[in-house]
Every structure is written in structure tokens, then in C-alpha cells.
**Q** 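First the structure, then my questions, so here it is.
Order of the sequence lines sets the chain letters (A, B, ...), proteins ahead of strands, with each chain counted from 1. Bear in mind the structure is a predicted one, so any value in this text is a computation, not a measurement.
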Amino acid sequence: MEKNLAKTYDPKSFEERIYARWESKGAFKAYRDPEKKPYTIVMPPPNITGQLHMGHALDQTLQDVLIRWKRMQGFSALWLPGSDHASIATEVKVVEKIRDDEGKTKEELGREEFLKRAWEWKRIYGGLITQQVRKLGNSCDWDRERFTMDEGCNKAVIEFFVRLYERGLIYRGNRMINWCPVCGTSLSDAEVEHEDKNGLYWYFRYPATDGGAGIVVATSRPETMFGDVAIAVHPDDERYKALIGSFVKIPLTEREIPVIADTYPDREKGTGAVKITPAHDMNDFEVGERHNLDKPSCINEDATMNGLAGKYEGMDRFECRKAWVRDLAEAGYLVKTEEKVIPLGGCYRCNSAVEPMLSEQWFVSMKELAVPAIEAAKSGELAHVPDKFEKIYLHWLENIRDWCISRQLWWGHRIPAYYCEECEEMVVSALAPAECSKCGGAMRQDEDALDTWFSSALWPFSTLGWPEKTEDLEYFYPTDVLVTGYDIIFFWVVRMVFSALEATGELPFRYVFVHGLVRDGEGQKMSKSAGNGIDPLEIIDQFGADALRFMLTTGISPGNDMRFKTDRLEASRNFANKLWNASRFVIMNLLDDEGNFKEMAPESPETLNKLRDEDKWIISKVNEAALYVTSVLDKFELALAGQKVYEVIWNELCDWYIELVKGRLYGGSEEEKAVCRYVLVRVLKDVLKMLHPFMPFITEEIWGYLPKEGNSEEFLMLEPWPEHNEALNYEDEVKRIEMAMEAIRNIRNIRAEAEAPPSRKLRAVIYALGDDMECIKAGEEHIRSLANLSDIEFTGDKSNVPEEVMSAVMSRAEVFIPQGDLVDYRAEYDRLSKEKERLSGEIERIGGKLANAGFIGKAPEKIVNDEKEKLAKYKGMLEKVLERLDLAEKKL
RNA sequence: GGGGGCAUAGCUCAGUUGGUUAGAGCGCUUGCUCGACAAGCAAGAGGUCAUAGGUUCGAAUCCCAUUGUCCCCACCA
């Protein structure tokens, strides 16, 4: 193996190798270590039908940053991965496959054979996504990988169902549900997506049975008229008062229905009279209940019309609508039509129009379960980050309705209810009863499966062994944080919370860390149908997983959507490249010709004594960063943390420290070099650790090339997180280096302005007094080399400054470049004028503040003193600027 | 119908309990093959923080209103 890094940063050359090593050496494994505190995250399980998309990449990277950070902090960090069986999506795929391969329907195949095919499908394709997950660098404990339909999860689901049933919180009933005719199953309310669409109101006359004019009613769904059982009007509506109690006929049929009074109709809407179809409309159902009306259905489960529709029987609902409207219009019952925006419900899986239907289904009674879940958020025991999402969570729970959990599907957890073939007996039980306890008849299990989200809701504890009291459950549960997108708070977060409180008596997690959506470059939602999705695997191939991860976790604030922009990806890749090269520089200076490490000063008080200002400066900066990064990570401010590490590495380590240290490294004594090596390695190691959660691959790869101390772990990912140390804040040294930096910047500025080529060595005169002189003089060597000067003359006497000079005013000194041929008084004058403007403005602003009695009286003392100091500083600078300006003006 | 978010440089976005000369990346201008790096180095230009009020000694930050924009929820007369 080469002893130093390759010349160019090429993530493809090491990312897969490093992941394989981590995994094979068990670096991701979490142990129940009694000496450590647990830190647990369960991964939101991706669907086995899914392809890895940017949403996963974002969601999982956030989790991996947290897990890697906590692991380094010394927690026993468990990130539990898995996948979801995705009832509807998988069943649809398997049905299609059987149709294509064998030309059969699932019914022809039968339940048992179908499930065999489904498991086979899962075996072949279900692992794809977990392979893709590895490419992101995720440090999850694959030995604990779970599947929502594995044996343990199934046991948990059945157990939970039975418990809820026994508590009276699960019931079976004939109620209004959302029906997707294409998927052929019921849906929960959360699975229906509402969308406003352009549609029509048709106004039809329902003639009175006594030959009167009858009543005109508006509807957007004429095909449901066959299921009408009444016309409702508001009891106070003067227009219809007289008609209440009379009968009208459904046009073109012989069915007579009453006109009833109910407060439900809105007098402003339509004609103020509403047709009541209890089997196909939620509100109508309730009206029907209040008035004890029949609830006839006129639409079948496959969305065709049934016998009630007479000659339209067998027609599709939308075809029927067309024919029926045409016939009514021809017969003169159509009064008018009106264009209208109509909110339509669509299936969240297949997007087809959902039909509200009356159906026999299983429900979870929500009111009681919601109470503790609401309480947990209100008391602060459950915290949303950012907290604005708590409102969404609460609003949903406070308006919750019963949850329809049965699905007319085979792929899923089969409902543990058994019906006697002989009598009416029904039993809910974890174990299949051998026979009916009442009549001894044979028992038949309910045909339906449970909503996928019913099993997802148990994920934080079913995966740890519940309902058994396993050691894992004992140690790792409750989990610490749940990371997810705001789009599935309703589907998942809410349900996990009330399920966990009910099943385990504890919250499933302390924090809900919510992130936004990854949108495309134009801000559009990425979707398969729009074809604007960006494949994370392609991005990784092109830029490396580290660049993708860094891009996804920085430059955004929690909970907000982000646009996927290639330029930010490139910037992240460039940053990785920068770190790569800086590391190459460090390693290059550590190695001798044979590729062995040269002597390095040891970690000792003697070494500490040999540190120069710049060494202490960079150590202070890194130390300061450790404090900041840790504190913002504690607040889930990942972007701020990543940004800070970026700045330390690029703007402080690379831009300054490496440049400042080159003199000693190339021309210093062996002892000095050994000290430099010590500082470089120490600082590099610390920044690698801090960057590691964000960019695990490159940091681990570089780590492998660095010299290890005796007790070091094999992997960077298992090293301890850098601790802030108050003793490492070297204030005086920092001041001296920063003053040198200010001088260097000013001289470079003059150089650029005077158009002196960078290669030309200049002379400089620096004027300062007292402590300021001491301070700036300490940086002489740095100023000379980084500003490319031939020599510097320090003076405390302005009369020593030559007349033909370019000048710059610093806060505590002045620098002069006395090369006559470079002097451009016009430029000098313009720049100084600008500087004068700026300083005068500041002085005026601060002066105003300090003249304000309110400010002096009420602002904190520190703020007032800071302002006073600033004022003095600016005044001193302005004085010098005016002096130079005066000179420049005379020369013009 | 109800609720929420957002509005800061040409673009994409940070700005953590109110107090710095309001920042970054990209883009733009100018100059650089000096022994880590052109995926780079150096120096710059560019913002009345949507608008109008209010609170405060002090507002990009807190409150109210307006405008624009995006989203969520809601039983399709």
C-alpha cells in the first residue's frame, strides 16, 4: 500500500472498500454495554418495492450523522435498519407478475400459492434497497435488520391487535370507508389525497309525486342518484318549508323519496336542497343515521353499477354518469349545469378516484388512544424539532376519526378474527381456535389483511422484541429520536406514538426530528410520473457519497424543503478534494524517503512549551470549533455544525495554518519540524473526527494513513469525539496571529491595487506604538513570507515613513509600501475616501447610540463598553485615514 | 372553509434565546503554472433583509396588517 494518498481525490477508489471493512469487522454493531448509555434510532423502513430516492438519502444521512456522532461520544449507538412489506404496492406488483408469467389472477391461484409467489418476490427484490442503502455509508447494525412481516413483527402485530380488541378499542362495523376500485381495497382517511379538479354541478328536477313542480337539486355525481333515499332541506329555509314531509320521485325511476328537514344543508350552496345518498357520501350517511333511513348502495366494488341502477347495471360509474345525464336531459329533468371546482379524493397509491362506500370493515377506535398522545406532546415529553410540527401533529390528533385498518389484500398481516361456519360466533385470538366454542363448528379466518401502517406503528418496539421482555428492549428502548419527513407525520409518527403508549406504556422516542422534501432544481416535487427524480446512486457514482451527504446536510435549516442543485454538490465535492490535498500535504511531511514516519514531538508539557503562536492559534480555533459543533448538534442543527467544520478546515487550517507552517517545515530545525508534525497531525485528527459523521468515507480513508497512538481504535468511526478544553484557548497568541493576518491582507490588497505582480518582492514599513508594536512584530516572519516582502521596517516614528508610499490603515497599526513606481495617488485617494466614508458613517452611528441616554441607561454594560471601544477604534483609524488622505490629495 | 410555512446579494440558501461593518456556495470582475490542491490561490464588486405600522435604548430577528408565493387539512349538493 502506498504510504501517502493518491494525487487526486477519487471517492470510487475507496468508498466501497471502506464500507466493506466496517461491515465485516463489525464496526456498526451495537452492544448492550452496561458501562455505556444507549442511543437508539430505528430507521424508517423503506418499502421493499422501492428504489432508493433522494428522500431516503436525506432521511438516512441525517440519521447516520446523529448515530455516528453519538457513537463517537461514547454511547452504545444502535441504528436498526429494516424494510416494509408495503401491502398494496407489493400485492399489485406480484399480481402483475403472476398475470404476465402465468396468465392467472390471484383468485385463480388461491391465497396460499399467491403468498408463496409474494414471498419469493420479496426474497429476490426485497433486498435491493438495503444494498443501495449501504452505498450511502450508513452505519446501521445489519445483524439486527428486520422486516415488517417477519415472524417477530407478525407476533407483535397479532398481539397488539388482540389486546386492542380485548380493550374494546378495535371493532368491526358497517360504516363509510374510502374505497379504491382499482386497488380493490378499503383505505384509511390518511391514504386519500384530496385534489381540486374542474368539474360540473348538474341541476336536476325531482318531480313531486302529486304532480307538483317538485324540487331542484345540484349534484356532481349523478350516478349516485340511484342510491338516493331523501332530499334534505334546511328547516328554516322559506323556499322549501312547505315541501317538508312531501314526496318526490327520483327522475326516470319509480322510486319515491321524502323531503326531510335537517340542519345539514347550506342554504347558500347549490339550490339549498341536497339529495341524500347514505351509502356513497360521508355526510349523507350521518343524515341517514339521524333520520333512520335505508342505506342502499348502487355501485359495486369494481366501480360498476349494480341492479339498483336498472338498465345501467354493469356499466362503469363514469360511463353510467354520461348515459344517465344524457337520458335525464332528453327527458327534460336537467335544469342547468354549472362549472365548478370540486375537491376529489384519490388513492395515494394509484391516484384513481376513491369511492366513499358503506362497507363491513375493522376499525381502531381513536378517541381514547389519542388522549395520551396529545398529552405527551403538550407536556413536552415528546418534542418535535423544529417545534412548528407539533401543531400539525396535535391538530391531526385532536380531529382524529376512527382508523379503518382492514384491507382487502392477501399480502400483509392477516386479521386474527375467526368466524364459525355454522353459527354467528366470532372470535379474535392470537391462536387459531380449533372449533367454535359455542357450537363446535369449523372456524374460518377473516380474509382481510391489516393496513401496512398498523405494523409500521409498532416498529420502534416490535423490532426490539416486544411483546417479549427481551434484553434489547430493556436496554435500547425507548429509542431516542425518530427522523422523518413531514409528509408522513400522520401516517406514521402519530400512530407510533399512540401505539407505543398503549403497548409499552412509554413514548417510542423522545424527539421527532422532522425534515423537508428534496425538490428538483426548479423547486418541483420529485416524482416518478413527472420523471424529474434524481437517482442518488448516479450522484454517488459521479461525486461520491460524501459529497452527496455533505450537500444534503448543510446549507439547509431543519424542516425546510431543499432544492437539489448540482452547484452545491460540486462545492461539497471540491471541499472533499481540498481536505484530501491538505491531508496529502500533512502526510507528505510526516514521511521519510523510505515511507516511514519521521520523528514527531510527543504529547507532553515540553512540546507544549515549544509551540509557536500559529500552533496555538490553530489549536485554539479547532478547540473552539469542537465546542460550537457539539452544541449545535445537541440542538439538531446539523447544517450549522457541518458549515463550521468546513470553515475550520478550509479557511483556517488550509488558508492559514498550512501556509504559516511551511517556513518551519521547509527551513526549520529538526526539532521545529517535529513540533510542526505534532500540531499538524493533532489538528488534522480533530477535524477529521468532527467531519466524520458528515463525510465518513474520506475521513476514514485519510485516517488510515495517519500515525496511530498506542490505544487508538482501528477505525476513525470508533474514535472518541473531540472534547472542548478551556485550557486550550490561547488568547494572546490568537491576537498576535490575527494582527499579522490583518497586515498580510492589507499588503496583499495594496499589491493588487498597485498591480504589483505576486512574484515581485516588496518592502514594507509598519508603524505602531507600544503593545501594538510588540504584537505586530511577533508576526514579522509570517508577514514577510505570506505578503512576499523582501524586508519590513518597524517604526514608532512617522517621520521615518518615506513620502512616496501606498498606505493602509489598520486598527492598531499602519502599513506602508514605499516603492515609488507603484504609487498611484488617484487609487490611493479613492480608496481612502471610501474608507473615510465608511468610518465616518460608523462613528456617526455609534456616536448617536452613545449619545442616547436610553441606550446608556438600559443596554447591558458589556454592549455599551463594546460600542465605546469600537468608537475609539474607529476614531483613531479615521484620524489616520484623514492624514493620509490629506497627503494623497496634495500629490494629485 | 380552516391551518401553517416562506419572502435576505444575479441564483440557491444560512443567519441558534433582539445588540458584529448582515454571511456562505455558485455566478461575476481582476491578477496568479511561488514545492497539498486550477475541484486551486490572491484581491474585489454586489443587499434601504417583500411593503406599511408597532413594541424596544436597539429589529433581518418580536407583534399587527398588507402583498406575493408554496404547502397541509377539510364529508365530491
Side-chain angles (χ1 to χ4, degrees), chain A residues 5 7-9 176 194 197 199 201-203 217-221 224 232 264-266 269-277 280-286 340 342-345 353-354 356 388-389 391-392 395-396 399 486-487 490 517 521 523 554-557 559-563 565-568 570-589 631-632 635 637 639-640 643 646-647 654-655 658-659 662 666 745 748-753 755 757-759 788 838-839 841-842 845 849 852-860 862-864 866-867 870 874:
Chain A
L5 301 171
K7 273 218 165 98
T8 49
Y9 165 64
M176 290 299 301
H194 293 270
K197 288 195 173 148
Y201 271 8
W202 285 271
Y203 288 76
V217 168
T219 179
S220 64
R221 297 195 305 153
T224 65
Y264 163 60
D266 178 347
K269 219 165 157 185
T271 61
V274 190
K275 66 188 214 51
I276 299 300
T277 322
H280 297 292
D281 184 287
M282 302 278 178
N283 293 308
D284 293 6
F285 176 81
E286 284 166 20
K340 196 90 177 169
I342 295 165
L344 283 177
V354 162
K388 66 180 176 188
F389 290 107
K391 281 183 206 152
I392 297 178
H395 183 262
W396 204 71
N399 295 286
Y486 60 70
D487 51 335
F490 309 131
L517 267 37
T554 57
I556 48 158
S557 52
N560 288 342
D561 290 352
M562 72 183 303
R563 293 188 195 203
K565 287 279 198 178
T566 310
D567 58 1
R568 283 196 45 233
E570 281 171 7
S572 299
R573 191 267 323 265
N574 293 354
F575 170 53
N577 182 57
K578 186 74 181 177
L579 172 66
W580 184 265
N581 281 296
S583 303
R584 205 156 68 88
F585 170 84
V586 172
I587 295 161
M588 182 181 89
N589 282 289
S631 75
V632 291
K635 290 182 266 183
E637 293 277 6
L640 296 181
Q643 189 59 33
Y646 176 101
E647 282 164 12
C654 293
D655 287 353
I658 284 180
E659 296 306 322
K662 277 179 179 169
Y666 295 148
R745 283 199 200 96
R748 283 173 174 170
N749 187 337
I750 293 173
R751 184 190 285 280
E753 201 168 82
E755 293 175 351
S759 53
N788 198 24
R838 207 202 83 207
L839 287 168
E842 283 304 311
R845 196 177 60 82
K849 261 189 179 181
N852 182 338
F855 177 70
I856 301 287
K858 294 187 181 175
K862 181 172 182 328
I863 300 289
V864 176
D866 285 356
E867 293 296 320
K870 265 190 278 174
Y874 292 144

**Q** Does A/Arg563 place a side-chain N or O at less than 4.0 Å from the phosphate oxygens OP1/OP2 of B/rU12?
**A**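 A/Arg563 to B/rU12 OP1/OP2: side-chain N or O found under 4.0 Å.
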
**Q** Tell me the interatomic distance from A/Asn574, atom CG, to B/rA38, atom C1', rounded to whole angstroms.
**A**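 After rounding, the reported distance stands at 10 Å.
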
**Q** We want to know whether A/Asp561 and A/Tyr486 form a side-chain donor-acceptor pair, criterion being a heavy-atom distance below 3.5 angstrom.
**A**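 On atom types as modelled, these side chains qualify, holding a pair under 3.5 Å.
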
**Q** Between B/rA43, B/rA14, B/rA77, which one does the side chain of A/Ser557 approach most closely?
**A**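 Taking heavy atoms from C-beta onward, the closest nucleotide is B/rA14.
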
**Q** Using a 4.0 Å heavy-atom cut-off, does A/Asn560 contact any base of the nucleic acid, only the sugar-phosphate backbone, or nothing at all?
**A**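 If one applies the 4.0 Å heavy-atom cut-off, A/Asn560 turns out to touch the sugar-phosphate alone, with no base involved.
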
**Q** Judged by atom type as modelled, is there a donor-acceptor pair below 3.5 Å linking the side chain of A/Asn581 to the main-chain atoms of A/Asn577?
**A**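 At least one qualifying donor-acceptor pair exists.
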
**Q** What is the nucleic acid contact for A/Val354, judged by heavy atoms within less than 4.0 Å: base, sugar-phosphate only, or nothing?
**A**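 Here A/Val354 touches the bases of the nucleic acid.
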
**Q** Of all the nucleotides listed (B/rU16, B/rC76, B/rG25), which has the minimum atom distance to the side chain of A/Asp567?
**A**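 Closest nucleotide to the A/Asp567 side chain: B/rG25.
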
**Q** When the nearest nucleotide of RNA chain B is assigned to A/Pro758 and to A/Gly521 on a heavy-atom basis, which residue is associated with the more 5' position?
**A**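 Looking at the nearest nucleotide for each, A/Gly521 comes out on the 5' side.
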
**Q** When the P atoms of B/rU69 and B/rC62 are considered, how many whole Å apart are they?
**A**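 Comparing P positions in B/rU69 and B/rC62 gives a spacing of 23 Å.
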
**Q** What is the nucleic acid contact for A/Ser759, judged by heavy atoms within less than 4.0 Å: base, sugar-phosphate only, or nothing?
**A**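 No contact.
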
**Q** Given side chains that start at C-beta, do those of A/Arg745 and A/Asn749 come closer than 4.5 Å, heavy atoms only?
**A**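 No, their side chains stay 4.5 Å or more apart.
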
**Q** Select one nucleotide: of B/rA42, B/rA77, B/rC76, the one nearest the side-chain heavy atoms of A/Tyr201.
**A**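 For A/Tyr201, the side-chain atoms sit closest to B/rA77.
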
**Q** Counting the atoms with a prime plus P, OP1 and OP2 as sugar-phosphate, which does A/Lys269 contact under 4.0 Å by heavy atoms, base, sugar-phosphate, or nothing?
**A**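 Counting heavy atoms under 4.0 Å across all strands, the contact made by A/Lys269 includes a base.
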
**Q** Tell me, what's RNA chain B's dot-bracket, Watson-Crick or G-U with both distances under 3.5 Å, | for other-strand, [ ] crossing?
**A** (((((((..((((.....[...)))).(((((.......))))).....((.((..]....)).)))))))))....

**Q** Run the side chain to side chain contact (heavy atoms under 4.5 Å, CB included) test on A/Lys870 and A/Lys849 for me, step by step, so that the C-alpha distance in whole Å, both residues' side-chain angles and the decisive distance to 0.1 Å come before the verdict.
**A** CA-CA 12 Å; A/Lys870 265 190 278 174; A/Lys849 261 189 179 181; 5.8 Å; no

**Q** Using the P atom in both, what is the distance from B/rA7 to B/rU61, to the nearest Å?
**A**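 Their P atoms lie roughly 11 Å apart.
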
**Q** With centres under 5.5 Å and planes under 30° as the test, does A/Tyr666 stack with B/rG35?
**A**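 Whether judged by distance or by angle, A/Tyr666 passes, so it stacks on the base of B/rG35.
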
**Q** Any donor-acceptor pair under 3.5 Å linking the side chain of A/Asp281 with the backbone of A/Thr277?
**A**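 No, because the side chain of A/Asp281 does not come within donor-acceptor range (under 3.5 Å) of the backbone of A/Thr277.
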
**Q** So what does A/Glu647 hit on the nucleic acid, given a heavy-atom distance under 4.0 Å: a base, only sugar-phosphate, or nothing?
**A**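 No contact.
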
**Q** Would you mind classifying the nucleic acid contact of A/Asp487 as base, sugar-phosphate or nothing, using non-hydrogen atoms under 4.0 angstrom?
**A**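 Since no nucleic acid heavy atom lies under 4.0 Å of A/Asp487, the category is nothing.
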
**Q** Are OP1 or OP2 of B/rA43 and a side-chain N or O of A/Arg751 less than 4.0 angstrom apart?
**A**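 So the side chain of A/Arg751 is outside the cut-off, no N or O lying under 4.0 Å from OP1 or OP2 of B/rA43.
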
**Q** Reading RNA chain B from 5' onward, which residue's closest nucleotide shows up sooner: A/Met562 or A/Lys391?
**A**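 It is A/Lys391, whose closest nucleotide lies nearer the 5' terminus.
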
**Q** Choosing from B/rU16, B/rU20, B/rC76, which nucleotide comes nearest the side chain of A/Leu344?
**A**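 Minimum distance to the A/Leu344 side chain belongs to B/rC76.
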
**Q** Give A/Phe490 one of three labels, base, sugar-phosphate or nothing, depending on what nucleic acid heavy atoms sit under 4.0 Å from its own.
**A**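 The residue A/Phe490 makes sugar-phosphate contact but no base contact.
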
**Q** Is any side-chain heavy atom of A/Ile392 closer than 4.5 Å to a side-chain heavy atom of A/Phe490?
**A**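 A side-chain contact under 4.5 Å exists here.
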
**Q** Counting side-chain heavy atoms from C-beta on, which of B/rA77, B/rA43, B/rU21 comes nearest to A/Glu842?
**A**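 Between B/rA77, B/rA43, B/rU21, the one nearest the side chain of A/Glu842 would be B/rU21.
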
**Q** Regarding A/Ala571, tell me which of base, sugar-phosphate or nothing describes its non-hydrogen contacts under 4.0 Å with the strands shown.
**A**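 Sugar-phosphate, backbone atoms only, no base.
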
**Q** Distance between the C1' atoms of B/rU56 and B/rC64, in whole angstroms?
**A**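 Here B/rU56 and B/rC64 have their C1' atoms 16 Å from each other.
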
**Q** For B/rA74 versus B/rU12, give the span between their P atoms, rounded off to a whole number of Å.
**A**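 Rounded to whole Å, the distance is 32 Å.
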
**Q** Are A/Asn852 and B/rG58 close enough that a side-chain N or O sits under 4.0 Å from OP1 or OP2?
**A**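 So the side chain of A/Asn852 is outside the cut-off, no N or O lying under 4.0 Å from OP1 or OP2 of B/rG58.
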
**Q** Looking only at atom types and distance, does a side-chain atom of A/Asp487 sit under 3.5 Å from a main-chain N or O of A/Leu517, one as donor and one as acceptor?
**A**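 Side chain of A/Asp487 to backbone of A/Leu517: no pair is present.
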
**Q** Within 45 degrees of the ring normal and closer than 6.0 Å to the centroid, is that where the cationic atom of A/Lys269 sits relative to A/Tyr201?
**A**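 Judged by the rule, A/Lys269 and A/Tyr201 form no cation-pi pair.
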
**Q** Side chain of A/Cys654 only, heavy atoms from C-beta on: which candidate in B/rA39, B/rC11, B/rA36 is closest?
**A**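 My answer, after comparing the listed nucleotides, is B/rA36.
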
**Q** On the nucleotide B/rA36, are OP1 or OP2 found under 4.0 Å from the side-chain N or O atoms that A/Lys662 carries?
**A**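 For A/Lys662, the contact criterion (side-chain N or O under 4.0 Å from OP1 or OP2 of B/rA36) is met.
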
**Q** How far, in whole Å, is B/rU67 from B/rC26 if one measures between their P atoms?
**A**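 Their P atoms lie roughly 39 Å apart.
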
**Q** Given the C1' atoms of B/rA14 and B/rA24, what is the spacing between them in whole Å?
**A**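 Their C1' atoms lie roughly 7 Å apart.
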
**Q** A/His280 near the nucleic acid: base, sugar-phosphate alone, or nothing, with a heavy-atom cut-off under 4.0 Å?
**A**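 It contacts nothing in the nucleic acid.
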
**Q** Kindly say if A/Tyr486 contacts the phosphate of B/rC71, meaning a side-chain N or O under 4.0 Å from OP1 or OP2.
**A**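 For B/rC71, neither OP1 nor OP2 has a side-chain N or O of A/Tyr486 closer than 4.0 Å.
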
**Q** Which nucleotide wins on minimum distance to the side chain of A/Asn749, given the candidates B/rG44, B/rA24, B/rA39?
**A**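 Looking only at side-chain atoms, A/Asn749 lies closest to B/rG44.
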
**Q** The side chain of A/Tyr9 is closest to which nucleotide in this list: B/rA39, B/rC26, B/rC37?
**A**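 Looking only at heavy atoms from C-beta outward on A/Tyr9, the closest nucleotide is B/rA39.
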
**Q** Has the side chain of A/Arg573 got a donor or acceptor atom sitting under 3.5 Å from an opposite partner on the base of B/rA39?
**A**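 It does, because a donor-acceptor pair links the side chain of A/Arg573 to the base of B/rA39 below 3.5 Å.
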
**Q** Please report the closest heavy-atom contact between A/Pro356 and A/Arg221, naming both atoms and the distance.
**A**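 Shortest heavy-atom contact: CD-NH1, 3.8 Å.
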
**Q** Check whether any side-chain heavy atom of A/Lys578 lies under 4.5 Å from a side-chain heavy atom of A/Tyr646, and answer yes or no.
**A**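 No. Closest side-chain heavy atoms not under 4.5 Å.
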
**Q** Do you know which two heavy atoms are closest between A/Lys275 and A/Asp284, and how far apart they sit?
**A**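 Closest pair (atom of A/Lys275, atom of A/Asp284, distance): O-OD2, 3.2 Å.
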
**Q** Quick check for you: among B/rC11, B/rC76, B/rC37, whose closest atom lies nearest to any side-chain atom of A/Lys565?
**A**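 Given the options B/rC11, B/rC76, B/rC37, the side chain of A/Lys565 is closest to B/rC11.
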
**Q** If you look at every strand shown and take non-hydrogen atoms under 4.0 Å, does A/Pro356 touch a base, only sugar-phosphate, or nothing?
**A**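 The residue A/Pro356 makes base contact.
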
**Q** What integer number of Å spans the C1' atoms of B/rG54 and B/rA65?
**A**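 Approximately 10 Å lies between the C1' atom of B/rG54 and that of B/rA65.
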
**Q** I'd like the C1' distance from B/rU8 over to B/rA60, given in whole Å.
**A**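 So the two C1' atoms sit 7 Å from each other.
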
**Q** Under 4.0 Å between a side-chain N/O of A/Lys578 and OP1 or OP2 of B/rC41, yes or no?
**A**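 For B/rC41, OP1/OP2 do have a side-chain N/O of A/Lys578 under 4.0 Å.
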
**Q** Find out whether A/Leu579 and A/Tyr9 are in side-chain contact, i.e. whether some heavy atom of one side chain is under 4.5 Å from a heavy atom of the other.
**A**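 A/Leu579 vs A/Tyr9: side chains apart.
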
**Q** By the 4.0 Å heavy-atom rule, please label A/Tyr264 as base, sugar-phosphate, or nothing.
**A**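 The answer is base, as A/Tyr264 lies within the cut-off (heavy atoms under 4.0 Å) of a base atom.
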
**Q** Is A/Arg845 near enough to B/rU21 that one of its side-chain N or O atoms lies under 4.0 angstrom from OP1 or OP2?
**A**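 True: A/Arg845 side-chain N/O within range (under 4.0 Å) of B/rU21 OP1/OP2.
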
**Q** Between the side-chain atoms of A/Glu637 and the base atoms of B/rA14, is any donor-acceptor pair under 3.5 Å?
**A**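 Side chain to base: no pair present.
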
**Q** Would you kindly give the CD1-to-C1' distance between A/Ile556 and B/rU8, to the nearest whole Å?
**A**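 To the nearest whole Å, that distance equals 18 Å.
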
**Q** Check every strand shown and say whether A/Ala582 touches a base, only sugar-phosphate, or nothing at a heavy-atom separation below 4.0 Å.
**A**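 Touches a base.
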
**Q** Of all the choices, B/rU20, B/rA36, B/rG5, which nucleotide is nearest to the side chain of A/Lys388 once you look at every atom?
**A**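 Of the candidates, B/rG5 comes closest.
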
**Q** Using a 4.0 Å heavy-atom cut-off, does A/Arg745 contact any base of the nucleic acid, only the sugar-phosphate backbone, or nothing at all?
**A**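 The answer is sugar-phosphate, as A/Arg745 gets under 4.0 Å only of primed atoms, P, OP1 or OP2.
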
**Q** Base, sugar-phosphate, or nothing for A/Arg221, non-hydrogen atoms under 4.0 angstrom?
**A**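 Touches a base.
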
